[in-house]
Amino acid sequence: MNKYLRRGLLYTIAGLVLGAVGYYLMALEIRLYKWVMIIGVILFGIGFLTIFYSFIRKIERQSILEERKERQNDNE
């Protein structure tokens, strides 16, 4: 698990927790819930994009390694 996937999971989980806390505060009719839900949605979005970025990096790394291997085989 690379650092981007780890961070993405943490942000996603934090966003989900803040969303749940926001719904709880909304049920208690505390006006702070709006800010908590906004921060939760932002964290969830950042987490989702970070997870997506980690998968793109993994695919890109594999293609670079394959290209280097082909180049090395051609030079031999």
Side-chain angles (χ1 to χ4, degrees):
M1 183 180 301
N2 63 17
K3 67 180 180 180
Y4 295 107
L5 183 59
R6 199 173 321 123
R7 285 180 190 168
L9 289 174
L10 284 173
Y11 283 138
T12 303
I13 292 170
L16 290 173
V17 168
L18 284 176
V21 169
Y23 276 114
Y24 177 73
L25 293 175
M26 185 171 59
L28 295 176
E29 297 181 4
I30 299 175
R31 292 183 184 252
L32 183 64
Y33 80 92
K34 294 176 186 177
W35 289 104
V36 173
M37 290 183 94
I38 289 171
I39 294 170
V41 168
I42 290 171
L43 284 178
F44 181 80
I46 290 171
F48 181 78
L49 290 176
T50 307
I51 290 170
F52 186 69
Y53 177 70
S54 73
F55 290 136
I56 290 174
R57 279 181 52 99
K58 183 176 182 179
I59 292 169
E60 181 68 24
R61 183 176 186 279
Q62 288 174 352
S63 66
I64 289 173
L65 291 175
E66 288 175 4
E67 184 179 323
R68 286 180 184 169
K69 188 175 181 180
E70 288 175 8
R71 244 190 258 152
Q72 187 179 18
N73 289 340
D74 289 344
N75 289 338
E76 292 177 348

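Because only heavy atoms are used, hydrogens play no part in the values below, and waters and symmetry mates are left out as well, while side chains stay in.
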[X] with [Y], same ILVMFWY side-chain cluster at under 4.5 Å:
X: I13; Y: V36; result: yes
X: V21; Y: I42; result: yes
X: L43; Y: F52; result: no
X: I30; Y: I38; result: yes
X: V17; Y: Y11; result: yes

To the nearest 0.5 angstrom, please state how far the [atom1] atom of [X] sits from the [atom2] atom of [Y].
X: Y4; Y: I51; atom1: OH; atom2: CD1; value: 14.5 Å
X: L10; Y: I46; atom1: CG; atom2: CD1; value: 13.0 Å
X: E60; Y: K58; atom1: CD; atom2: NZ; value: 14.0 Å
X: M37; Y: M26; atom1: CE; atom2: CE; value: 5.0 Å
X: Y33; Y: Y23; atom1: OH; atom2: OH; value: 10.0 Å
X: L5; Y: T12; atom1: CG; atom2: OG1; value: 9.5 Å

| said: Any heavy-atom pair between the side chains of R6 and N2 that's under 4.5 Å? | reply: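 No. Closest side-chain heavy atoms not under 4.5 Å.
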
| Do I59 and I56 have side chains that get closer than 4.5 Å, going by heavy atoms? | no

| field | Closest contact, heavy atoms only, L18 versus G40 | value | CB-CA, 3.7 Å

| field | Within 6.0 Å of CD in Q62, more than 12 heavy atoms from elsewhere | value |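 Enclosed: over 12 neighbouring heavy atoms sit under 6.0 Å from CD of Q62.
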
